[in-house]
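Worksheet for the structure shown next.
Scope of the values below: all heavy atoms of this structure, side chains included, with no hydrogens, waters or symmetry mates. Numbers here simply count residues along the sequence, with the first being 1.
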Amino acid sequence: MPLVEFRPTPGINKEVTDYTGKGKWTDGDNVRFFQGSAQKIGGWEKFIPKSLVGAARDQHTWVDLEGTRYVAVGTDRKLYVVQEGIAYDITPLRRTQARTNPFTTNGTTSVLVTDSGHGAAEGSFVTFDSFSAVDGLDMNNEFEVTSVVNTAAYVVTHTGTASGSTASGGGSGNMKYQINPGPEFSVPAFGWGTDVWNVSTYGTPRTTSNVTLQARQWSLDNFGEDLIATALDGGTFTWDTSAGVSTRCVAVTNAPTASRLSLVSTPDRHLLLMGTEKTVGTASSQDDLLIRFSSQEDINTYQPTAENTAGSLRIADGSRIVAAERSRGQILVWTDTSLHSMQFIGPPFTFGLRQLGQNCGIIGQHAAVDINGISYWMSQDSFFLFDGAVKKLPCTVEQFIFDNINITASENAFVGHNGEFNEVLWFYAKTGSDQVNAVVAYNYLEGTWWIGTLDRTTWVDREVFDNPIATEYSADVVANNEVILGLTDGSSQLYLHEAGNDADGQAMTAFVKSGAVQIGQGDEFAFVSKLIPDIQDQSGVLNAKLEFKAYPNNSTSVTKTASFSDTTDFVSLRGRGREFTVNLVSNTTGTAWRAGTQRFDIQPDGRR
């Protein structure tokens, strides 16, 4: 018989069985589809050598007026700016207090700190300066709060052991408290007072709940060359680029103290605060559907007058604003159930608001991206696009994704754009994981999908820098960017992507698996004797694993493996079955490949 060509249609299709998936790719990891071919994704390497405290939840790049490039990273615990390969802690301070003799030692590493009305929580950060040593312990360092005793005292942990026990020591100095961290990941809310009125009985703690305590998110943007940063349900801060990396973010003057997110409108330059306060400065008045905007070119004015363009609008559909993105001629605003357009219309109303779609809400704050005026987003059960009309995006992995997603952690989903390969990538947490541990990607020019285990909590495309930059979170690794005494586990590493072929110097396993290959209608056994590989841009060794079966549901199968390099003419095989699947696999360092059309020498064969 003539050689049988093997070239499945591009893209992963998880909606089919192996048998009905004839002529398709049905599974894969770290393999994309570009210009019709399956190819291993590019590698990654560290962007900076040090890791940052906490789980990164947003990332933003920009260039100042002098041409200096910056990366801002907001984690659940800190806010950083990276300049010239060094990360600087610019987390805002919420309280600075002078105290005398606040430290009590007990001959251990634990130190009791007395400060009435400190407002710290476990995991908060405080820096002491100008104090005298206490029992051999230098307290002039940054500490993570180990535990909170009461509103007037808390405990920190030193790296040294006190030589004695002293009550109220340390002399006079200063205490500088950073804003309290938010939750590391989203969790169900249990206990007393959870859920709406008249659910269950009075005084009974809830053991199940539909209420979620959201992980700390950030929204990062620029007003000119300065950074704007808003913590989810917290304050809005600005970092003055010209003041240098030794300065911290400060609260925006006169801005609301509780907002869900922020965005700078262009070209009119208003600072938009969404899900914000009805009464500026009163956090208890926060309305999750209210949008408040500053006066034009003035981020410090929010009270509307006849002489400014400040004002507010309220969205009517949904229970909360979740996300917002700049698009062509408008700002797109998503609630949990709908999509809205916000457009600059000038005085006297400044902005106009109209609804674009219902039942098309978004899954998380960072789950939408706009590419050349077309927006793509991930909802709770589908993928959508808006190109003038809201459309559901056909997806060949939809059931696989949404049947295996952790809904509680879904608000941590993050979208990235990889313009070099025309890809939109959504990173999300699968069932059983509180943290992001999977990716689904869509090629918007070719209409193909791929899936994988790449776990990235943030991503920015190569606009300011030469490569995309992404972050990976490790829950059991202590950050090493700065010296913080008593620091617990949990750190994020920044990586440059599409750099080399390996996973930061380690082998990257990549595979793509096909549906069944058969002769005719599959009523005959086939004997495969030869594979003629067709691989482009290959380096290293690529393996082809062929799994032979007599029937689709056969519990027994036989696997034959053929390994080949870029100089291999053909590989001899001896495999038999009514059908077989093909799995292209690479798992060594330095490997790269792009699959063309493989050919098999297949002959009808009787069953022995």
Answer yes if the side chains of [X] and [Y] hold a donor-acceptor pair under 3.5 Å, and no otherwise.
X	Y	answer
S586	T591	no
E225	T241	no
T431	N404	no
N412	Q217	yes
D336	S319	yes
D29	T453	yes

Verify the neighbour count for atom [atom1] of [X]: are there more than 12 heavy atoms of other residues, nucleotides or ligands below 6.0 Å?
X	atom1	result
N372	CG	no
D403	CG	yes
K545	NZ	no
E5	CD	no
Q399	CD	no

Which of parallel (below 30°), tilted (30 to 60°) and perpendicular (above 60°) describes [X] and [Y]?
X	Y	answer
F47	F465	perpendicular
W426	F383	tilted
F34	F421	perpendicular

Does any part of the side chain of [Y], heavy atoms only, come nearer than 4.5 Å to the side chain of [X], both counted from C-beta?
X	Y	answer
D226	W62	no
D76	P181	no
L79	C249	yes
D504	K46	yes
N443	F33	no
T238	V250	yes
V390	F384	yes
E498	R462	no

Shortest non-hydrogen contact from [X] to [Y]?
X	Y	answer
A87	Y80	CB-CD2, 4.3 Å
A368	W377	CB-CB, 3.7 Å
S259	L273	OG-CB, 3.8 Å
M274	A324	SD-CB, 3.6 Å
A229	L220	CB-CD2, 3.6 Å
G28	I12	N-CD1, 4.0 Å

Look at [X] together with [Y] and state whether they make a salt bridge at an N to O cut-off of under 4.0 Å.
X	Y	answer
R248	D89	yes
E411	R260	no
E472	R456	yes

Evaluate side-chain contact (heavy atoms from CB on, under 4.5 Å) for T75 paired with R216, printing each intermediate quantity in order. CA-CA 7 Å; T75 77; R216 162 65 57 82; over 6 Å; no
Please assess D58 against T458 for the test side chain to side chain donor-acceptor pair (under 3.5 Å), listing each intermediate value before the final yes or no. CA-CA 6 Å; D58 196 15; T458 70; over 6 Å; no
Are R57 and F414 in a cation-pi setup, meaning NZ or CZ lies under 6.0 angstrom from the ring centre and within 45 degrees of the ring axis?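 No, a cation-pi geometry is absent between R57 and F414.
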Please confirm whether the backbone N or O of [Y] pairs with a side-chain atom of [X], one donor and one acceptor, at under 3.5 Å?
X	Y	result
S382	S379	no
N13	K24	no
Q493	I48	yes
Q598	D534	yes
S474	D476	no
S37	R594	no
Q59	I469	yes

Before you tell me yes or no, could you show the steps for Y376 and W334 under ring-ring contact (aromatic ring centres under 6.0 Å, His included), namely the whole-Å CA-CA distance, both residues' side-chain angles and the distance that decides it to 0.1 Å? CA-CA 12 Å; Y376 303 85; W334 287 265; over 10 Å; no
Between atom [atom1] of [X] and atom [atom2] of [Y], what is the distance when rounded to the nearest 0.5 Å?
X	Y	atom1	atom2	value
S492	K50	OG	NZ	16.0 Å
K40	R32	NZ	CZ	11.5 Å
R320	T337	CZ	OG1	9.5 Å
E446	E423	CD	CD	9.5 Å
R354	H340	CZ	NE2	11.5 Å
S295	L271	OG	CG	11.5 Å

If you apply the rule side-chain contact (heavy atoms from CB on, under 4.5 Å), what do you find for T236 with T276, and how did you get there? CA-CA 11 Å; T236 298; T276 192; over 6 Å; no
Check the pair D27 / I451 against side-chain contact (heavy atoms from CB on, under 4.5 Å), numbers first and verdict last. CA-CA 8 Å; D27 200 5; I451 57 175; 3.9 Å; yes
May I ask you to check whether F400 and W450 place their ring centres under 6.0 Å from each other?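 Distance test on ring centres: not under 6.0 Å, no.
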Ring centres of F427 and H366 under 6.0 Å apart?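 Ring centres of H366 and F427 not closer than 6.0 Å.
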Hey, which of Y442, W459, Y444 is the one that makes ring pair (Phe, Tyr, Trp, His ring centres under 6.0 Å) with H417?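 Single ring pair (Phe, Tyr, Trp, His ring centres under 6.0 Å) partner of H417 among Y442, W459, Y444: Y444.
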Among residues at least two apart in sequence or on other chains, which ones pass side-chain contact (heavy atoms from CB on, under 4.5 Å) with H270?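 H270: side-chain contact (heavy atoms from CB on, under 4.5 Å) contacts with S265, D268, L272, F293, S294, Q296, T309, F344, T350, F351.
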Go through the structure and list residues passing side-chain contact (heavy atoms from CB on, under 4.5 Å) with R326, not counting sequence neighbours.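 With sequence neighbours excluded, R326 shows a side-chain contact (heavy atoms from CB on, under 4.5 Å) to D221, L263, V264, T266, I331, given in chain and number order.
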Please assess W239 against Y70 for the test ring-ring contact (aromatic ring centres under 6.0 Å, His included), listing each intermediate value before the final yes or no. CA-CA 12 Å; W239 182 69; Y70 296 92; 5.8 Å; yes
List the steps, then state whether side-chain contact (heavy atoms from CB on, under 4.5 Å) holds for V460 with H60. CA-CA 7 Å; V460 292; H60 179 64; 5.8 Å; no
